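One structure is given below, encoded as structure tokens.
As the structure lists them, so they are numbered: ligands from 1, and atoms in each ligand from 1. Treat the numbers as computed from the prediction; the structure is a model and nothing was measured. Scope of the values below: all heavy atoms of this structure, side chains included, with no hydrogens, waters or symmetry mates.
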Amino acid sequence: MSRLIHSTPRADGYRMPGEFEPHAGIWMLWPERPDNWRNKAVPAQKAFTEVARAINRFEPVTMGVLQSQYKNARAMLPETVRVVEISYNDSWMRDCGPTFVTNGTELRVVDWIFNAWGGESGGLYAPWDLDDLVAQKVAEIERVARYKAPLVLEGGSIHVDGQGTLLTTRECLLNPNRNPGKSQSDIEGLLTEYLNVESFIWLNRGIYNDETSGHVDNICCFIRPGEVALAWTDDRSDPQYEISQENYDILCSAVDARGRRLKVHKIPLPSPVYITREESEGVLSVEGTLPRREGDRLAASYINFVFCNGGAVVPTFGDANDNLALVALQNLMPERKIMGVYAREILLGGGNIHCITQQQPK
Ligand code: KQY
């Protein structure tokens, strides 16, 4: 059973580690819903399988599946992936899953409030009640104690350096459809208590047209304390240019919790990616769920990768910049093996590899 704790991680000496620190494993959820994943989610299931297989070269993977999908997922996934039944609404473990915190010897989780990226005002589907229970269920399975944080927050909207610095975007965290009535300073106060951070780097906006309201995990991440990777384009006619340039300026003048200036590494974006007619037609149209329209621009970015023990699994798009981005990341992290996985099917669902994974620290 998972004990509910009424204090905060900061009061108890727990902190959220950087994602680049050692993991016990990675959690995922199996895609199924036909109103988000085209062709009854079969192409997405193949892509999730490839992501799980790639991560599993480095560390254990647990896949949460719906009862109706157990046999199918078990048959598609490698034997070494643990498959457990969990109920959920869609498969974005980064966002509805727990944030693990540690005191160096023991793990606990922070269980945020989840409202499907905006609830009744701009949320991406309803209901989301099962997603909102996923963090608690993971805590039960792992027998770790749980803090319930009084804050609507998705895991993809924050990154930490594990040394007291948190990176996020105003576009998401200050969006009135997440925590109306809470100011930037109220939110910083709660993040300080629940993640044990003390310094905040606020970017204004995330990737152009990102349906998450600009999650930071698609545009910028720490690759180690003191260093960040930023999604970049040199194309001044692309609306993304101004966003990336503004973020570059903010990051170059930021100071982290230890008083360091950040090293900012630009990682090229792929050329803009648009939904094709065939892709659009494969998605079941359901009122209340974000439509997938032909010609809509997707928020493709190589930054939406996940760290693994000794590696990183990076989305690729069949783009001329795939190789440039993989080489750039490999040069930045020579201590890791960088693996690309073709991820257009995940992108079509509205996110990417980082959004469908959640690390459990050692
Ligand atoms: O974190 C993400 N990028 C998730 C996006 C959810 C999309 C739901 N259709």
Subject >> Glu188 vs Trp202, side chain to side chain contact (heavy atoms under 4.5 Å, CB included): CA-CA, chis, key distance, verdict >> reply: CA-CA 10 Å; Glu188 287 187 359; Trp202 288 91; 2.6 Å; yes

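Here Glu140 does not pair with Lys137 in a salt bridge; the nearest charged N to carboxylate O distance is not below 4.0 Å.
When the salt bridge (charged side-chain N to carboxylate O under 4.0 Å, His left out) test is applied to Glu85, no partner is found at least two apart in sequence or on another chain. His159 is linked by a side chain to side chain donor-acceptor pair (under 3.5 Å) to nothing, counting only residues two or more places apart in sequence or in another chain.
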For residues 267-275, run the donor-acceptor check on the side chains, cut-off 3.5 Å, and write out each pair with its distance to 0.1 Å, sequence neighbours left out.
| residue | atom | partner | partner atom | Å |
| --- | --- | --- | --- | --- |
| Ser271 | OG | Asp319 | OD1 | 3.1 |

Starting from the N and O atoms of ligand 1, collect every protein N/O partner closer than 3.5 Å and put each pair on its own line with the distance to 0.1 Å.
| residue | atom | partner | partner atom | Å |
| --- | --- | --- | --- | --- |
| ligand 1 | 1 (O) | Asp95 | OD2 | 2.5 |
| ligand 1 | 3 (N) | Gly350 | O | 3.2 |
| ligand 1 | 9 (N) | Asn36 | OD1 | 2.9 |
| ligand 1 | 9 (N) | Glu211 | OE2 | 3.2 |
| ligand 1 | 9 (N) | Arg292 | NH2 | 3.2 |
| ligand 1 | 9 (N) | Gly349 | O | 3.1 |

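One N or O on the side chain of Asp256 and one on the backbone of Arg258 form a donor-acceptor pair closer than 3.5 Å.
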